[in-house]
Structures are given as structure tokens and as C-alpha cells.
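One structure is given below, encoded as C-alpha cells.
Sequence positions, counted from 1, serve as the residue numbers for this chain.
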Amino acid sequence: MALRALQVRDPARKCECVERLLEAWRAGGLAVVPDDPPPTRIEIPGRPERPQLVRPQDLPRRGLHTLRGRQALLHAVTHIEFNAINLALDAVYRFRGLPAEYISDWLQVAAEEARHFQLLAQQLTRTGVAYGDFPAHNGLWEMAVKTDVDPMERMALVPRVLEARGLDVTPGMIQRLQAAGDADSVAVLEVIQREEISHVAIGSHWFRHLAMQRGLDPEQTFLDLLAQHMPGRVRPPFALDARLAAGFSLREMQALEDQAGPG
């Protein structure tokens with residue numbers, strides 16, 4: 001069922017599937033099938049034809065002093081939240097043999113990401129555009145493909161690196177939207193910021209669980225994976241309080257500052 005929801009292309013239908021999946025799981029109407037076919041690589045998850053996907057460097061930069069600039073920002077965040085639905089579903093579908101609490105956690109994340117997507121899509125509509133009207137990049141899913149063999153690497157590099165980046169940059173977005181007088185968009189982003197802390201915390205919890213299960217030191221393992229896959233690419237500023245609430249340690253935060261280098 002997680003795979004079927006992952007493959008749904010229409011965003012509204014995908015959100016409905018996620019809600020039904022979570023309800024059925026919580027009601028005890030679903031079970032994990034031990035001899036289910038093994039997971040396959042998913043190069044492209046279920047997504048609509050639009051937005052057009054481009055390289056990150058090909059996305060135009062726009063200021064928030066114009067309506068078009070604010071629409072582009074909201075669209076970028078909406079696309080991230082849509083990808084996050086697929087990431088949570090893939091975490092359920094792909095990684096087997098984990099406790100039932102793991103499934104509960106990631107289905108809850110999928111449902112909350114779906115709600116975030118709906119809030120942002122509605123806000124886009126209020127401004128006069130729709131999801132798909134701007135180009136977007138596919139960096140989140142590209143990392144999902146790179147980490148589709150090892151759940152420990154997935155938990156380290158997707159929730160704790162790429163999604164944690166949202167904890168760092170969203171406060172700045174909120175300030176800029178407040179300065180532009182866009183109170184409605186600010187209210188949506190404030191809801192998302194609060195709930196994304198718990199999503200990153202879930203990634204932190206399962207990363208530590210998997211590392212300790214293998215007899216590894218979680219902090220050192222995280223730093224080793226960061227050096228291996230993303231050397232020098234996690235840049236400040238860091239939202240220290242939000243990251244600590246999301247399960248980062250002070251040692252990890254100091255190491256993130258150190259790997260970024262001077263300035």
C-alpha cells in the first residue's frame with residue numbers, strides 16, 4: 001500500500017491515499033507481509049507532469065519584494081513538501097525488518113507532509129498561481145536514490161541533512177515575508193517549521209537506533225557519512241535551538257560549524 005501511494009501521480013489523490021494508509025495502519029487493519037517482494041529502485045516516484053524539473057543552478061533568483069518572487073518561494077517550498085511525502089512513503093516501503101514504531105513514525109510524517117503540501121498549495125492558489133507553474137529541482141529525491149540500500153544512510157543524509165536544512169532557512173524566509181507584509185504565508189511557514197522539527201527528530205531517532213544496533217558510535221558515524229557524501233556542503237547559518245530539539249548533539253553542531261570552514 002505504501003508503494004501504491006508512492007506511485008500515485010496526482011497530488012490530491014496522493015494526499016488522500018496517505019491519509020487512508022495512516023488510518024488503516026493505526027486501526028490495526030494492515031500488517032507487514034514477511035515474504036513481500038523485495039523493494040526495487042525508484043528513479044522517479046509518482047509525480048505530476050509539472051513542475052518542469054531543472055538543475056538547481058538553472059532556477060531564477062527572485063526577490064521577495066514582488067508578488068512573483070513570493071510566489072516562486074512558496075512554490076519551491078511546496079515542491080519540497082511534495083517530495084517529502086514520497087520520501088516518507090519510500091522509507092516505509094523500502095526498509096524492511098524494522099520495528100512497527102518505525103512504520104508508525106514515517107506514516108505519520110507522510111500524513112503531516114501531505115498536510116503541509118495542501119496548506120502551501122492553497123496559499124499558492126490564493127496568490128493566483130498553482131503548483132507546477134514554476135520550474136523546480138529534484139535534489140531531495142536524487143539523494144533518496146543514492147541512499148536506497150541502507151536505511152542508516154537514508155536517515156543520516158535525508159532527514160538529518162537535507163530536511164534539517166529547512167530548519168535553518170525557514171526562519172529567514174519568515175522574516176523576509178513579514179517584511180513584505182505577507183502574513184498569510186508567514187502563518188503557513190510557522191506551522192511547518194514547528195512540525196518539521198519533529199520530522200527531523202524522527203530521523204535522528206532511527207539513525208541512532210540503526211547505528212547502535214550495528215555497534216557504531218552515532219555521532220562519529222554521522223560525521224563520517226557527512227564527510228564521505230557531502231564534504232563541506234552543509235553550510236551555516238545553523239538554527240541551533242531547532243537542531244538540538246531535532247536530536248542533534250552539541251558535538252555534531254560544533255563539527256558542522258568546523259567542516260564549513262572559516263567565514
Any chain of hydrophobic side-chain contacts (each under 4.5 Å) joining [X] to [Y]?
X	Y	result
Met1	Val32	yes
Leu74	Val169	yes
Trp141	Val8	no
Val234	Met253	yes

Residue [X] excluded, over 12 heavy atoms near [atom1] under 6.0 Å:
X	atom1	answer
Arg4	CZ	no
Glu49	CD	no
Leu250	CG	no

Side chain to side chain contact (heavy atoms under 4.5 Å, CB included) partners for Ala239, two or more places apart: Asp168, Ala242
Excluding sequence neighbours, so at least two apart, what forms side chain to side chain contact (heavy atoms under 4.5 Å, CB included) with Gln254? Glu257, Asp258
Does Glu153 form a salt bridge (charged side-chain N to carboxylate O under 4.0 Å, His left out) with Lys146? I'd like the steps, not just the answer. CA-CA 9 Å; Glu153 290 193 5; Lys146 291 177 183 177; over 6 Å; no
Does the structure place the NZ or CZ of Arg96 under 6.0 Å from the centre of the six-membered ring of Tyr93, at an angle of no more than 45° from the ring's axis? yes
Report the C-alpha separation of Asp184 and Arg70 in whole Å, then their side-chain angles, then the decisive distance to 0.1 Å, and conclude whether the salt bridge (charged side-chain N to carboxylate O under 4.0 Å, His left out) test is met. CA-CA 12 Å; Asp184 291 339; Arg70 294 192 294 275; over 6 Å; no
So, does [X] use its side chain to make a donor-acceptor pair with the main chain of [Y] at under 3.5 Å?
X	Y	result
Ser198	Arg194	no
Arg55	Leu59	no
Arg208	Pro218	no
Lys14	Gly46	yes

Quick check: do [X] and [Y] have side-chain heavy atoms less than 4.5 Å from each other?
X	Y	answer
Phe207	Pro159	no
His79	His137	no
Glu196	His116	yes
Cys15	Ile85	yes
Arg47	Leu53	yes
His199	Glu113	yes
Arg243	Glu252	no
Phe95	Tyr102	yes

Looking only at non-hydrogen atoms, find the nearest pair between [X] and [Y] and report the distance.
X	Y	value
Glu81	Ile192	OE2-CG2, 3.7 Å
Leu157	Leu225	CD2-O, 4.2 Å
Gln193	Leu167	NE2-O, 3.2 Å
Trp25	Ala100	CZ2-O, 3.8 Å
Leu140	Glu163	CD2-CG, 4.3 Å
Leu244	Ser249	CD2-C, 4.1 Å

Are Asp224 and Gln220 close enough that a side-chain donor and a side-chain acceptor fall under 3.5 Å? yes
Would Tyr131 and His75 count as having a side-chain donor-acceptor pair, cut-off 3.5 Å? no
To the nearest 0.5 Å, what is the distance between [atom1] on [X] and [atom2] on [Y]?
X	Y	atom1	atom2	answer
Arg235	Met230	CZ	CE	11.5 Å
Leu22	Arg20	CG	CZ	12.5 Å
Asp133	Gln52	CG	CD	12.5 Å
Asp90	Leu3	CG	CG	9.0 Å
Leu226	Thr221	CG	OG1	12.0 Å
Gln213	Leu98	CD	CG	7.0 Å

Starting from the C-alpha separation in whole Å, work towards a yes-or-no answer on side-chain hydrogen bond (donor to acceptor under 3.5 Å, both in side chains) for Arg160 and Ser204. CA-CA 7 Å; Arg160 303 196 90 223; Ser204 293; 2.9 Å; yes
Sort out for me which residue in Leu210, Asp150, Ile202, Thr147 forms a side-chain contact (heavy atoms from CB on, under 4.5 Å) with Met155. Leu210
Passes side-chain contact (heavy atoms from CB on, under 4.5 Å), Arg233 versus Val161? Steps please. CA-CA 10 Å; Arg233 288 172 56 192; Val161 175; over 6 Å; no
Go through Met152 and His209 one step at a time and tell me if the side-chain contact (heavy atoms from CB on, under 4.5 Å) criterion holds. CA-CA 9 Å; Met152 186 182 74; His209 171 88; over 6 Å; no
Out of Gln178, Arg126, Gln123, which residue meets the side-chain hydrogen bond (donor to acceptor under 3.5 Å, both in side chains) rule with Ser185? Gln123
Checking Ile42 against Arg94 for the side-chain contact (heavy atoms from CB on, under 4.5 Å) test, could you report, in this order, the C-alpha distance in whole Å, the side-chain angles of both residues, the deciding distance, and whether it holds? CA-CA 10 Å; Ile42 299 175; Arg94 180 163 309 283; 3.7 Å; yes
Run the side-chain contact (heavy atoms from CB on, under 4.5 Å) check on Trp106 and Trp206 step by step: do they pass? CA-CA 10 Å; Trp106 286 107; Trp206 289 109; 3.9 Å; yes
